[in-house]
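Report on one structure; see the data block that follows.
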Amino acid sequence: MAQKREKFGGQMAVILAMAGSAIGLGNIWRFPYMVGEHGGAAFVIVYVLATLLISLPVFLAEVMIGRRSHTNARDAFARLSRHHPFWKGAGYLTILIPTLIACYYSVIGGWSVEYFVKSCGLAFVNTTPEAASGLFGTFVSSTWTPVIMHLVFLGATVLVVAGGVKAGIEKFSKITLPVLFVLILLILCYSVSLPGAGEGVRYLLHPDWSELTPRTFAYAMGQSFYSLSLGMGAIITYGSYVSKKENILATSTGTAVSDLLFAILAGFAIMPAVFAAGIEPGAGPGLIFQSIPYVFAKMGVTLPLVSSVVSIVFFLAIIVAAMTSCISLVEVGVSFLMERAGMSRGRACLILYVICGVFGVLCSLSFGPLSGVKILGMSIFDLFDWVCSNILLLLMALLVVVFVGFILPRRVVHDEFTNRGTLPFNDRIFPLVWFLLRYVAPVAIVVIFLTNFIL
Ligand code: PHE
(Lines give C-alpha, C1' and ligand atoms only; values in the text may rest on other atoms or scores of the structure.)
Protein backbone atom coordinates (compact mmCIF):
# COMPACT_ATOMS: atom_id res chain seq x y z
CA MET A 1 0.00 0.00 0.00
CA ALA A 2 2.59 2.50 1.12
CA GLN A 3 3.67 3.60 -2.30
CA LYS A 4 6.44 6.10 -2.42
CA ARG A 5 4.90 9.29 -3.78
CA GLU A 6 6.92 11.49 -6.02
CA LYS A 7 7.96 14.88 -4.75
CA PHE A 8 8.65 18.11 -6.51
CA GLY A 9 12.29 19.13 -6.39
CA GLY A 10 12.45 22.44 -4.59
CA GLN A 11 10.50 25.64 -4.25
CA MET A 12 10.93 26.81 -7.83
CA ALA A 13 9.78 23.46 -9.19
CA VAL A 14 6.66 23.63 -7.03
CA ILE A 15 5.79 27.12 -8.22
CA LEU A 16 6.39 26.17 -11.83
CA ALA A 17 4.27 23.05 -11.65
CA MET A 18 1.40 24.80 -9.90
CA ALA A 19 1.65 27.81 -12.20
CA GLY A 20 1.58 25.36 -15.12
CA SER A 21 -1.80 24.10 -13.97
CA ALA A 22 -3.08 27.55 -13.05
CA ILE A 23 -1.96 29.47 -16.11
CA GLY A 24 -4.00 28.45 -19.09
CA LEU A 25 -7.02 29.51 -21.08
CA GLY A 26 -8.47 30.87 -17.85
CA ASN A 27 -6.02 33.75 -17.94
CA ILE A 28 -5.71 34.43 -21.63
CA TRP A 29 -9.13 33.59 -22.95
CA ARG A 30 -11.58 33.69 -20.04
CA PHE A 31 -10.31 36.58 -17.93
CA PRO A 32 -10.47 39.26 -20.67
CA TYR A 33 -14.00 38.39 -21.71
CA MET A 34 -15.20 38.19 -18.11
CA VAL A 35 -13.79 41.71 -17.62
CA GLY A 36 -15.64 42.83 -20.73
CA GLU A 37 -18.91 41.26 -19.68
CA HIS A 38 -18.85 42.33 -16.06
CA GLY A 39 -17.87 45.93 -15.81
CA GLY A 40 -14.22 46.51 -16.78
CA ALA A 41 -12.00 48.02 -14.09
CA ALA A 42 -14.56 47.42 -11.33
CA PHE A 43 -14.42 43.68 -12.09
CA VAL A 44 -10.61 43.74 -12.12
CA ILE A 45 -10.48 45.33 -8.67
CA VAL A 46 -12.94 42.83 -7.20
CA TYR A 47 -10.99 40.04 -8.89
CA VAL A 48 -7.67 41.13 -7.36
CA LEU A 49 -9.23 41.46 -3.90
CA ALA A 50 -10.99 38.12 -4.21
CA THR A 51 -7.72 36.47 -5.23
CA LEU A 52 -5.73 37.86 -2.32
CA LEU A 53 -8.34 37.60 0.43
CA ILE A 54 -10.26 34.49 -0.51
CA SER A 55 -8.55 32.44 -3.22
CA LEU A 56 -5.10 32.58 -1.64
CA PRO A 57 -6.37 31.18 1.68
CA VAL A 58 -8.33 28.52 -0.24
CA PHE A 59 -5.18 27.72 -2.20
CA LEU A 60 -3.22 27.35 1.04
CA ALA A 61 -5.98 25.15 2.42
CA GLU A 62 -5.85 22.85 -0.62
CA VAL A 63 -2.06 22.56 -0.47
CA MET A 64 -2.33 21.73 3.25
CA ILE A 65 -4.96 19.04 2.66
CA GLY A 66 -2.78 17.52 -0.05
CA ARG A 67 0.49 17.67 1.81
CA ARG A 68 -1.00 16.44 5.06
CA SER A 69 -2.92 13.52 3.58
CA HIS A 70 -0.28 12.63 1.06
CA THR A 71 -2.84 11.13 -1.27
CA ASN A 72 -5.20 11.91 -4.17
CA ALA A 73 -7.96 14.47 -3.85
CA ARG A 74 -10.82 12.07 -3.23
CA ASP A 75 -9.07 9.99 -0.60
CA ALA A 76 -7.56 13.06 1.05
CA PHE A 77 -10.89 14.10 2.55
CA ALA A 78 -11.65 10.56 3.61
CA ARG A 79 -8.27 10.03 5.24
CA LEU A 80 -8.12 13.32 7.11
CA SER A 81 -11.73 13.07 8.34
CA ARG A 82 -11.13 9.47 9.48
CA HIS A 83 -13.52 8.21 6.81
CA HIS A 84 -16.48 10.35 7.74
CA PRO A 85 -19.24 9.51 5.20
CA PHE A 86 -20.03 13.14 4.40
CA TRP A 87 -16.43 14.00 3.55
CA LYS A 88 -15.97 10.79 1.66
CA GLY A 89 -18.93 11.85 -0.48
CA ALA A 90 -17.65 15.39 -0.86
CA GLY A 91 -14.46 13.99 -2.34
CA TYR A 92 -16.46 12.79 -5.35
CA LEU A 93 -17.18 16.36 -6.37
CA THR A 94 -13.48 16.69 -7.04
CA ILE A 95 -13.91 14.10 -9.77
CA LEU A 96 -17.08 15.48 -11.30
CA ILE A 97 -16.01 19.12 -11.62
CA PRO A 98 -12.81 18.71 -13.64
CA THR A 99 -14.53 16.23 -15.96
CA LEU A 100 -17.31 18.71 -16.66
CA ILE A 101 -14.78 21.49 -17.23
CA ALA A 102 -12.72 19.33 -19.59
CA CYS A 103 -15.81 19.02 -21.84
CA TYR A 104 -15.92 22.69 -22.73
CA TYR A 105 -12.28 23.57 -22.04
CA SER A 106 -11.33 21.35 -24.95
CA VAL A 107 -13.73 23.24 -27.22
CA ILE A 108 -11.70 26.40 -26.66
CA GLY A 109 -8.53 24.32 -27.01
CA GLY A 110 -9.94 23.33 -30.41
CA TRP A 111 -10.43 26.97 -31.35
CA SER A 112 -6.76 27.58 -30.54
CA VAL A 113 -5.80 24.67 -32.80
CA GLU A 114 -7.87 26.16 -35.63
CA TYR A 115 -6.27 29.57 -35.12
CA PHE A 116 -2.84 27.99 -35.10
CA VAL A 117 -3.66 26.33 -38.43
CA LYS A 118 -4.98 29.64 -39.73
CA SER A 119 -1.74 31.40 -38.65
CA CYS A 120 0.33 28.78 -40.46
CA GLY A 121 -1.72 29.49 -43.58
CA LEU A 122 -0.92 33.19 -43.08
CA ALA A 123 -4.65 33.89 -42.78
CA PHE A 124 -4.16 37.04 -40.73
CA VAL A 125 -1.39 38.56 -42.77
CA ASN A 126 -3.07 38.39 -46.15
CA THR A 127 -6.24 40.13 -45.12
CA THR A 128 -7.60 43.36 -43.65
CA PRO A 129 -7.75 43.69 -39.86
CA GLU A 130 -11.54 43.83 -39.96
CA ALA A 131 -11.75 40.65 -42.02
CA ALA A 132 -9.27 38.89 -39.71
CA SER A 133 -11.43 39.77 -36.76
CA GLY A 134 -14.57 38.67 -38.60
CA LEU A 135 -13.19 35.19 -39.35
CA PHE A 136 -14.30 34.08 -35.91
CA GLY A 137 -18.03 34.48 -36.50
CA THR A 138 -17.96 32.30 -39.60
CA PHE A 139 -15.72 29.70 -37.98
CA VAL A 140 -17.57 29.29 -34.72
CA SER A 141 -21.04 29.16 -36.22
CA SER A 142 -20.07 26.47 -38.69
CA THR A 143 -20.87 22.88 -37.79
CA TRP A 144 -17.90 20.72 -38.58
CA THR A 145 -14.63 22.56 -38.18
CA PRO A 146 -15.06 23.56 -34.50
CA VAL A 147 -16.30 20.06 -33.66
CA ILE A 148 -13.39 18.39 -35.42
CA MET A 149 -10.88 20.75 -33.81
CA HIS A 150 -12.37 20.05 -30.40
CA LEU A 151 -12.04 16.31 -30.97
CA VAL A 152 -8.48 16.77 -32.21
CA PHE A 153 -7.47 18.82 -29.17
CA LEU A 154 -9.18 16.43 -26.76
CA GLY A 155 -7.69 13.46 -28.58
CA ALA A 156 -4.18 14.85 -28.29
CA THR A 157 -4.73 15.57 -24.61
CA VAL A 158 -6.09 12.10 -23.90
CA LEU A 159 -3.26 10.49 -25.85
CA VAL A 160 -0.75 12.29 -23.66
CA VAL A 161 -2.61 11.11 -20.57
CA ALA A 162 -2.75 7.56 -21.94
CA GLY A 163 0.83 7.43 -23.06
CA GLY A 164 2.23 9.01 -19.95
CA VAL A 165 4.43 11.45 -21.86
CA LYS A 166 3.16 13.97 -19.38
CA ALA A 167 6.64 14.57 -18.05
CA GLY A 168 7.75 15.61 -21.50
CA ILE A 169 4.83 17.95 -21.96
CA GLU A 170 5.52 19.50 -18.59
CA LYS A 171 9.11 20.12 -19.48
CA PHE A 172 7.88 21.63 -22.71
CA SER A 173 5.51 23.89 -20.81
CA LYS A 174 8.41 25.29 -18.82
CA ILE A 175 9.60 26.72 -22.10
CA THR A 176 6.26 27.74 -23.51
CA LEU A 177 5.04 29.61 -20.43
CA PRO A 178 7.93 32.09 -20.51
CA VAL A 179 7.54 32.34 -24.29
CA LEU A 180 3.85 33.08 -23.89
CA PHE A 181 4.69 35.66 -21.26
CA VAL A 182 7.11 37.46 -23.56
CA LEU A 183 4.71 37.31 -26.50
CA ILE A 184 1.85 38.70 -24.45
CA LEU A 185 4.12 41.58 -23.40
CA LEU A 186 5.01 42.15 -27.02
CA ILE A 187 1.37 42.07 -28.13
CA LEU A 188 0.53 44.37 -25.21
CA CYS A 189 3.07 46.97 -26.36
CA TYR A 190 1.81 46.79 -29.91
CA SER A 191 -1.85 46.73 -28.94
CA VAL A 192 -1.68 49.89 -26.77
CA SER A 193 -0.02 51.74 -29.65
CA LEU A 194 -2.99 51.15 -32.00
CA PRO A 195 -5.21 54.13 -32.77
CA GLY A 196 -8.20 54.09 -30.44
CA ALA A 197 -6.47 51.79 -27.94
CA GLY A 198 -6.42 54.45 -25.21
CA GLU A 199 -10.12 53.85 -24.61
CA GLY A 200 -9.33 50.20 -23.78
CA VAL A 201 -6.62 51.16 -21.29
CA ARG A 202 -9.03 53.61 -19.67
CA TYR A 203 -11.65 50.87 -19.52
CA LEU A 204 -9.27 48.75 -17.44
CA LEU A 205 -8.06 51.54 -15.19
CA HIS A 206 -11.12 53.67 -14.44
CA PRO A 207 -13.76 51.76 -12.55
CA ASP A 208 -17.36 52.56 -13.26
CA TRP A 209 -18.87 51.57 -9.92
CA SER A 210 -22.37 51.61 -11.31
CA GLU A 211 -21.36 48.46 -13.20
CA LEU A 212 -20.75 46.67 -9.92
CA THR A 213 -23.59 44.27 -9.14
CA PRO A 214 -23.81 41.21 -6.86
CA ARG A 215 -23.20 39.20 -9.99
CA THR A 216 -19.85 40.92 -10.50
CA PHE A 217 -18.70 39.51 -7.16
CA ALA A 218 -19.90 36.01 -7.96
CA TYR A 219 -18.29 36.00 -11.39
CA ALA A 220 -15.04 37.56 -10.12
CA MET A 221 -14.73 34.98 -7.38
CA GLY A 222 -15.63 32.15 -9.75
CA GLN A 223 -13.03 33.39 -12.21
CA SER A 224 -10.42 33.61 -9.50
CA PHE A 225 -11.04 30.01 -8.38
CA TYR A 226 -11.11 28.81 -11.97
CA SER A 227 -7.88 30.55 -12.83
CA LEU A 228 -6.06 29.19 -9.80
CA SER A 229 -7.37 25.65 -10.48
CA LEU A 230 -9.14 25.68 -7.12
CA GLY A 231 -12.16 23.70 -6.02
CA MET A 232 -11.43 20.65 -8.13
CA GLY A 233 -8.73 18.62 -6.55
CA ALA A 234 -5.91 19.76 -8.79
CA ILE A 235 -4.08 21.75 -6.14
CA ILE A 236 -4.83 19.13 -3.47
CA THR A 237 -3.16 16.57 -5.73
CA TYR A 238 -0.19 18.82 -6.39
CA GLY A 239 -0.02 19.61 -2.68
CA SER A 240 0.48 15.92 -2.01
CA TYR A 241 3.74 16.08 -3.96
CA VAL A 242 5.06 19.06 -1.98
CA SER A 243 7.80 18.10 0.44
CA LYS A 244 7.48 18.77 4.16
CA LYS A 245 10.39 21.18 3.98
CA GLU A 246 8.72 23.59 1.57
CA ASN A 247 7.33 26.89 2.77
CA ILE A 248 3.79 26.65 1.44
CA LEU A 249 3.04 30.31 2.08
CA ALA A 250 5.87 31.31 -0.26
CA THR A 251 4.97 28.83 -2.98
CA SER A 252 1.24 29.57 -2.85
CA THR A 253 1.75 33.32 -2.92
CA GLY A 254 4.22 32.94 -5.78
CA THR A 255 1.71 30.94 -7.80
CA ALA A 256 -1.21 33.26 -7.06
CA VAL A 257 0.78 36.36 -7.94
CA SER A 258 2.13 34.97 -11.21
CA ASP A 259 -1.35 33.82 -12.20
CA LEU A 260 -2.73 37.28 -11.40
CA LEU A 261 0.02 38.97 -13.34
CA PHE A 262 -0.60 36.78 -16.36
CA ALA A 263 -4.31 37.56 -16.35
CA ILE A 264 -3.80 41.29 -15.98
CA LEU A 265 -1.20 41.35 -18.74
CA ALA A 266 -3.59 39.44 -20.99
CA GLY A 267 -6.27 42.01 -20.16
CA PHE A 268 -3.98 44.86 -21.13
CA ALA A 269 -2.92 43.08 -24.30
CA ILE A 270 -6.47 42.39 -25.40
CA MET A 271 -8.75 45.21 -24.24
CA PRO A 272 -6.94 48.02 -26.11
CA ALA A 273 -7.12 45.91 -29.28
CA VAL A 274 -10.83 45.29 -28.65
CA PHE A 275 -11.47 49.02 -28.54
CA ALA A 276 -9.16 49.76 -31.45
CA ALA A 277 -11.01 47.20 -33.55
CA GLY A 278 -14.41 48.47 -32.48
CA ILE A 279 -15.41 45.12 -30.98
CA GLU A 280 -18.00 45.09 -28.21
CA PRO A 281 -16.10 44.36 -24.90
CA GLY A 282 -18.99 42.16 -23.78
CA ALA A 283 -18.73 40.03 -26.92
CA GLY A 284 -18.26 36.88 -24.83
CA PRO A 285 -16.09 33.81 -25.31
CA GLY A 286 -14.94 34.87 -28.79
CA LEU A 287 -13.27 38.04 -27.56
CA ILE A 288 -9.62 37.09 -27.93
CA PHE A 289 -10.25 35.23 -31.17
CA GLN A 290 -11.64 38.43 -32.63
CA SER A 291 -9.20 40.95 -31.18
CA ILE A 292 -5.86 39.15 -31.46
CA PRO A 293 -6.19 38.43 -35.22
CA TYR A 294 -6.99 42.12 -35.67
CA VAL A 295 -3.67 42.93 -33.99
CA PHE A 296 -1.79 40.44 -36.15
CA ALA A 297 -3.39 41.76 -39.33
CA LYS A 298 -2.51 45.36 -38.41
CA MET A 299 1.02 44.29 -37.62
CA GLY A 300 1.11 42.37 -40.89
CA VAL A 301 0.61 45.55 -42.93
CA THR A 302 4.04 46.87 -41.99
CA LEU A 303 5.81 43.82 -40.57
CA PRO A 304 4.42 40.74 -42.36
CA LEU A 305 7.21 38.39 -41.36
CA VAL A 306 7.17 39.36 -37.68
CA SER A 307 3.40 39.13 -37.60
CA SER A 308 3.38 35.66 -39.17
CA VAL A 309 6.02 34.29 -36.82
CA VAL A 310 4.49 35.87 -33.72
CA SER A 311 0.99 34.61 -34.54
CA ILE A 312 2.17 31.06 -35.15
CA VAL A 313 4.24 30.91 -31.95
CA PHE A 314 1.51 32.65 -29.96
CA PHE A 315 -1.23 30.15 -30.84
CA LEU A 316 1.15 27.24 -30.42
CA ALA A 317 2.04 28.49 -26.94
CA ILE A 318 -1.66 28.82 -26.12
CA ILE A 319 -2.28 25.25 -27.26
CA VAL A 320 0.48 23.95 -25.00
CA ALA A 321 -0.69 26.05 -22.04
CA ALA A 322 -4.23 24.77 -22.60
CA MET A 323 -3.03 21.19 -22.96
CA THR A 324 -1.07 21.18 -19.72
CA SER A 325 -4.19 22.41 -17.94
CA CYS A 326 -6.52 20.01 -19.77
CA ILE A 327 -4.23 17.07 -19.04
CA SER A 328 -4.65 17.72 -15.33
CA LEU A 329 -8.42 17.93 -15.79
CA VAL A 330 -8.67 14.60 -17.64
CA GLU A 331 -6.16 12.83 -15.42
CA VAL A 332 -8.46 13.24 -12.41
CA GLY A 333 -11.21 11.16 -14.01
CA VAL A 334 -8.76 8.67 -15.47
CA SER A 335 -7.05 7.95 -12.16
CA PHE A 336 -10.45 7.61 -10.53
CA LEU A 337 -11.64 5.01 -13.05
CA MET A 338 -8.37 3.15 -12.75
CA GLU A 339 -8.25 3.03 -8.98
CA ARG A 340 -11.93 2.58 -8.19
CA ALA A 341 -13.19 0.57 -11.14
CA GLY A 342 -9.98 -1.31 -11.71
CA MET A 343 -9.80 -0.24 -15.34
CA SER A 344 -6.69 -0.12 -17.43
CA ARG A 345 -5.33 3.33 -18.21
CA GLY A 346 -6.14 2.92 -21.88
CA ARG A 347 -9.76 2.02 -21.29
CA ALA A 348 -10.22 4.82 -18.73
CA CYS A 349 -8.81 7.29 -21.25
CA LEU A 350 -11.17 6.03 -23.92
CA ILE A 351 -14.17 6.46 -21.63
CA LEU A 352 -13.19 10.00 -20.77
CA TYR A 353 -12.61 10.77 -24.41
CA VAL A 354 -16.13 9.62 -25.23
CA ILE A 355 -17.79 11.47 -22.33
CA CYS A 356 -15.92 14.75 -22.78
CA GLY A 357 -16.07 14.37 -26.54
CA VAL A 358 -19.86 14.03 -26.66
CA PHE A 359 -20.64 16.82 -24.21
CA GLY A 360 -17.96 18.98 -25.79
CA VAL A 361 -19.59 18.52 -29.21
CA LEU A 362 -22.86 19.82 -27.74
CA CYS A 363 -21.01 22.82 -26.25
CA SER A 364 -19.32 23.45 -29.56
CA LEU A 365 -22.55 23.25 -31.55
CA SER A 366 -24.17 25.71 -29.18
CA PHE A 367 -22.28 28.46 -31.02
CA GLY A 368 -23.76 27.32 -34.32
CA PRO A 369 -26.63 24.97 -35.18
CA LEU A 370 -27.71 24.61 -31.53
CA SER A 371 -27.51 28.31 -30.72
CA GLY A 372 -31.27 28.42 -30.36
CA VAL A 373 -31.23 25.89 -27.51
CA LYS A 374 -31.41 27.83 -24.25
CA ILE A 375 -31.49 26.34 -20.78
CA LEU A 376 -32.14 28.82 -17.95
CA GLY A 377 -31.64 31.48 -20.60
CA MET A 378 -28.13 30.24 -21.40
CA SER A 379 -26.59 28.41 -24.31
CA ILE A 380 -25.28 24.89 -23.59
CA PHE A 381 -21.71 26.17 -23.47
CA ASP A 382 -22.58 29.03 -21.10
CA LEU A 383 -24.57 26.64 -18.93
CA PHE A 384 -21.61 24.27 -18.51
CA ASP A 385 -19.31 27.15 -17.71
CA TRP A 386 -21.79 28.77 -15.33
CA VAL A 387 -22.63 25.58 -13.44
CA CYS A 388 -18.94 24.77 -13.01
CA SER A 389 -17.45 28.18 -12.25
CA ASN A 390 -20.31 29.86 -10.43
CA ILE A 391 -21.81 26.94 -8.56
CA LEU A 392 -19.66 23.83 -8.26
CA LEU A 393 -16.33 25.61 -7.78
CA LEU A 394 -17.76 27.88 -5.10
CA LEU A 395 -19.39 24.91 -3.39
CA MET A 396 -16.19 22.89 -3.42
CA ALA A 397 -14.12 25.85 -2.23
CA LEU A 398 -16.58 26.28 0.63
CA LEU A 399 -16.18 22.62 1.57
CA VAL A 400 -12.40 23.04 1.49
CA VAL A 401 -12.34 26.03 3.84
CA VAL A 402 -14.87 24.48 6.19
CA PHE A 403 -12.82 21.30 6.24
CA VAL A 404 -9.57 23.05 7.07
CA GLY A 405 -11.11 25.72 9.32
CA PHE A 406 -13.49 23.53 11.32
CA ILE A 407 -12.78 19.85 10.85
CA LEU A 408 -9.01 19.70 11.00
CA PRO A 409 -7.64 20.53 14.45
CA ARG A 410 -6.04 24.01 14.65
CA ARG A 411 -2.79 22.36 15.70
CA VAL A 412 -2.61 20.38 12.48
CA VAL A 413 -3.25 23.45 10.34
CA HIS A 414 -0.65 25.41 12.32
CA ASP A 415 1.86 22.59 11.89
CA GLU A 416 1.35 22.52 8.16
CA PHE A 417 1.45 26.28 7.77
CA THR A 418 4.56 26.82 9.85
CA ASN A 419 6.37 23.51 9.22
CA ARG A 420 5.97 22.58 12.88
CA GLY A 421 6.71 26.07 14.10
CA THR A 422 10.01 26.39 12.31
CA LEU A 423 9.02 29.32 10.08
CA PRO A 424 8.87 32.46 12.27
CA PHE A 425 7.17 34.71 9.69
CA ASN A 426 4.45 32.15 9.01
CA ASP A 427 4.02 31.71 12.73
CA ARG A 428 3.43 35.44 13.14
CA ILE A 429 0.82 35.71 10.41
CA PHE A 430 -0.89 32.42 11.20
CA PRO A 431 -3.69 34.12 13.19
CA LEU A 432 -4.51 36.26 10.14
CA VAL A 433 -4.60 33.27 7.80
CA TRP A 434 -6.63 31.27 10.29
CA PHE A 435 -9.10 34.14 10.56
CA LEU A 436 -9.38 34.48 6.77
CA LEU A 437 -9.88 30.75 6.42
CA ARG A 438 -12.34 30.27 9.20
CA TYR A 439 -14.48 33.36 8.92
CA VAL A 440 -13.82 35.62 5.94
CA ALA A 441 -13.63 33.01 3.20
CA PRO A 442 -16.65 30.87 4.16
CA VAL A 443 -18.87 33.85 4.91
CA ALA A 444 -17.86 35.61 1.69
CA ILE A 445 -18.44 32.50 -0.39
CA VAL A 446 -21.88 31.85 1.11
CA VAL A 447 -22.99 35.49 0.85
CA ILE A 448 -21.78 35.87 -2.71
CA PHE A 449 -23.26 32.56 -3.72
CA LEU A 450 -26.67 33.44 -2.31
CA THR A 451 -26.85 37.03 -3.54
CA ASN A 452 -26.04 35.73 -6.98
CA PHE A 453 -29.30 33.82 -6.90
CA ILE A 454 -31.47 36.21 -4.97
CA LEU A 455 -30.56 39.49 -6.70
N1 PHE B 1 -6.59 27.08 -14.13
C2 PHE B 1 -6.68 26.66 -15.49
C3 PHE B 1 -6.76 27.87 -16.38
O4 PHE B 1 -6.72 28.98 -15.94
C5 PHE B 1 -7.86 25.77 -15.69
C6 PHE B 1 -7.76 24.55 -14.85
C7 PHE B 1 -8.58 24.38 -13.81
C8 PHE B 1 -6.82 23.59 -15.06
C9 PHE B 1 -8.45 23.28 -12.96
C10 PHE B 1 -6.68 22.51 -14.25
C11 PHE B 1 -7.50 22.33 -13.18
O12 PHE B 1 -6.88 27.73 -17.57
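Excluded from the calculations below are hydrogen atoms, water molecules and symmetry mates; all remaining heavy atoms, backbone and side chain alike, are included. For ligands, and for the atoms within them, numbers begin at 1 and follow the listed sequence. Everything numeric in this text was worked out from a predicted model, so none of it was measured. All residue numbers refer to positions in the sequence shown, counting from 1.
Within the cation-pi definition used here (under 6.0 Å to the ring centroid, within 45° of the axis), Arg30 qualifies as a partner of Tyr226.
The ring of Phe381 has its center closer than 6.0 angstrom to the ring center of Phe367. For an aromatic pair to be called close, the ring centres must be under 6.0 Å apart, and Tyr115 with Phe124 satisfies this.
Checking Val332, Leu329, Ile95, Thr94 one by one against Met232, the side-chain contact (heavy atoms from CB on, under 4.5 Å) holds for a single residue, Leu329.
Sparse packing is recorded around CZ of Phe217, with 12 or fewer heavy atoms of other residues, nucleotides or ligands lying under 6.0 Å away. The environment of CZ in Arg438 is crowded: more than 12 heavy-atom neighbours from other residues, nucleotides or ligands sit within 6.0 Å.
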Report each N/O pair between ligand 1 and the protein that falls under 3.5 Å, naming both atoms.
residue, atom, partner, partner atom, Å
ligand 1, 1 (N), Ser21, O, 3.4
ligand 1, 1 (N), Ala22, O, 3.0
ligand 1, 1 (N), Tyr226, O, 2.9
ligand 1, 1 (N), Ser227, O, 3.1
ligand 1, 1 (N), Ser229, OG, 3.0
ligand 1, 4 (O), Ala22, O, 2.8
ligand 1, 4 (O), Gly26, N, 3.3
ligand 1, 4 (O), Asn27, OD1, 3.4
ligand 1, 12 (O), Leu25, N, 3.1
ligand 1, 12 (O), Gly26, N, 2.8
ligand 1, 12 (O), Tyr105, OH, 2.6

